[in-house]
Amino acid sequence: MVNNIFRFNNYFYSMLNNFVRVRFAPSPTGPLHLGGVRTALYNYLFAKKHGGTFILRIEDTDQKRFIPNSESYIIETLKWCKIEPDEGVGYGGDYFPYYQSKRHNIYHYYIDKLLKNGDAYYAFDTDSDLNKKRKEYNDRGLTFSYNYQNRMSLKNSLNMTEKELYDQLKHSSYVVRFKVKPGEKFNIYDLIHGNIIVNTDYLDDKILLKSDGIATYHLANTIDDHLMKITHVLRGEEWLSSMSFHILLYKSFGWIPPNFAHLPLILRKDGKGKISKRNVDNKISDFPIFPIQWKVPNTKTIIPGYRELGYFPEAFVNMLAFLGWNPGTKNEIFSLQELINSFSLEKVTKSSAYFDIKKANWFNKKYLNKNKEKIFLALLKELNKRSLKYKKNFIWKIIDMIIDRINFIHEIWEHSFYFFISPSYYDINFFKKICNEKSLLQLERLKILLTNISPFTYKNLKYFFFKKQETNKNKYEVMQLLRFSLVGILKGIDVFIIIEILGKKESKQRIDNLISKIKEKIRTFFLKKEHKNIDLH
RNA sequence: GGCCCAUUCGUCUAUUGGUUAGGACGUCAGGUUUUCAUCCUGGAAAGAGGGGUUCGAUUCCCCUAUGGGCUACCA
């Protein structure tokens, strides 16, 4: 018989009372990655959607894996994304402390309860004891599991007299394990995955309290979620397997479990598992996985994040939201407020996703127009760097002409420099092609043509080039030469706009520059040739 | 190996028994731009496979395959 009791928990109750409390609970073991930020985002969106509270809790139960600066990294990331917590580490609240490392006495209080009611027991097996067992099982093609089948033959309080137990507790270190009752089948309900049938025969007796006296994630997490009145647990799918065990814990304490929603994972493109913060070190990932830059401790290495790479936080958040969730509309550009308004757990996908950096870039481009002020500042910075002074209006005019050609702010200079400075570099392939007398002649003619054009306006320039010069069969070539001398590459906006903006004098000067460059090249070429001839003799 | 989850164009996804299976990114072609990009128009592109249930399955069930998670005194 399947027990259906956990399907109807406090979900409807909490929704009806507009009382939603969710938590984002990372461990300080390094920087957050894409998946972590998305989990935080969904928690935030869900909380805001229901007028609830978004809590930040630091799960620092593993001292060995602690990495300094993780916490500040997490908070800075949430700030950058504009999804700040209402409560928790760095934000205060009535359910403090929000560090699990500061809640030892709480966990001990509750573990005693479990010990007393027989749902937990002491275990004294050492690492080497267990490793030996694992090897034994492995040699027989089996997997060792500390469970109901063999717990009675292991070193624990279940098969000790009171005196033996007393002596052991006095003299050796111990862990506390949860005692799973075998032979039970029940239903657990996940808001995204639906009903899942659990058979306790497959569960193992998980450790609740480590030998250093610190609670494991499982215990701490369960107690904290209850005590902090968390209504919905939104976390990564890697926790789905532990959910049944967590439900059992709630049951043991006599508590109503919160609602669970296990979010799909973000997978690596190479099909080798979920993304992890370690991917960056191994250079496995083909896309950046950190939201903001991470300074690797004890080294000088700095790994740039999306912020440093030029992504707007709004674009980053928009893109992340759509990776595993979809409102079903055709439009995909959503502000944070729009995301909040349309967010729902029912629309979260069940399956894992592969990340596509090209789509991320497209999202960023879509946010360029909303960040024009920042583009202006970036361009101004480039000009200041070169001690160039231009009127505001002029700079804005250039930005308006260039904005469609870029994806990121930092691309503005390479697409607009030619309005401010003469090209310092010529595209080598095209330059090679035009290193000849014919081009020189054409360039000289161009100069004369420009000299004669008056007034020097876009309209007039176009007229002279196309109408008056219609006998010229090499129009295309001439245009290329003109653009090349002005820009240095065969790219950029309408060449007549460029000339008009540059003016007659500057345009002619740039043609002259190219002429002398070509002459120089031809000269050195012949010199080399002569040397070769001499060498031959 | 065991347990669990998933499976629609290359990628993100829509569709909750009846659709010419829709959109977005990317890609390709054409147009505009005498360049390049933008932009516009159009094209190619998907229900993992096999069984059921049904008048009818992408949708429900089972099996297989594939991918993923968990299987730690890590979270």
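Chain A is the first sequence line, chain B the second, and so forth, proteins listed ahead of strands; every chain is numbered from 1.
In this structure, A:D125 reaches the bases: a heavy-atom distance under 4.0 Å links it to at least one base atom across the strands shown. A:S351 comes within 4.0 angstrom of the backbone, heavy atoms only, and of no base. Here A:I196 lies in heavy-atom contact (under 4.0 Å) with sugar-phosphate atoms only. Heavy atoms of A:T143 sit under 4.0 angstrom from at least one base atom. Using a 4.0 Å heavy-atom criterion, one finds that A:R134 contacts the sugar-phosphate atoms exclusively. Residue contacts for A:K366: at a heavy-atom cut-off of 4.0 Å it reaches no nucleic acid atom on any strand shown.
Residue A:K365 places no side-chain N or O under 4.0 Å from the OP1 or OP2 atom of B:C39. For the OP1/OP2 pair of B:U16 and a distance below 4.0 Å, the side-chain nitrogens and oxygens of A:K347 include no atom meeting the criterion. Between A:K64 and B:C74 there is a side-chain polar atom (N or O) within less than 4.0 angstrom of OP1 or OP2. OP1 or OP2 of B:U13 lies within a sub-4.0 Å distance of a side-chain N or O belonging to A:T349. Applying the 4.0 Å criterion to OP1 and OP2 of B:C73, one finds that A:R177 has a side-chain N or O inside that range.
Mapping A:S241 and A:F124 onto RNA chain B via the closest heavy atom, the residue that lands nearer the 5' end is A:S241.
Protein atom CD1 of A:I412 is 18 Å distant from nucleotide atom P of B:A37, rounded to whole Å.
Between A:F355 and A:F287, the ring planes lie tilted relative to each other; the angle falls in the 30° to 60° range.
In this structure, the side chain of A:Y306 engages the main chain of A:P288 through a donor-acceptor pair within 3.5 Å.
A salt bridge links A:K438 to A:E477: one of the charged nitrogens lies within less than 4.0 Å of a carboxylate oxygen.
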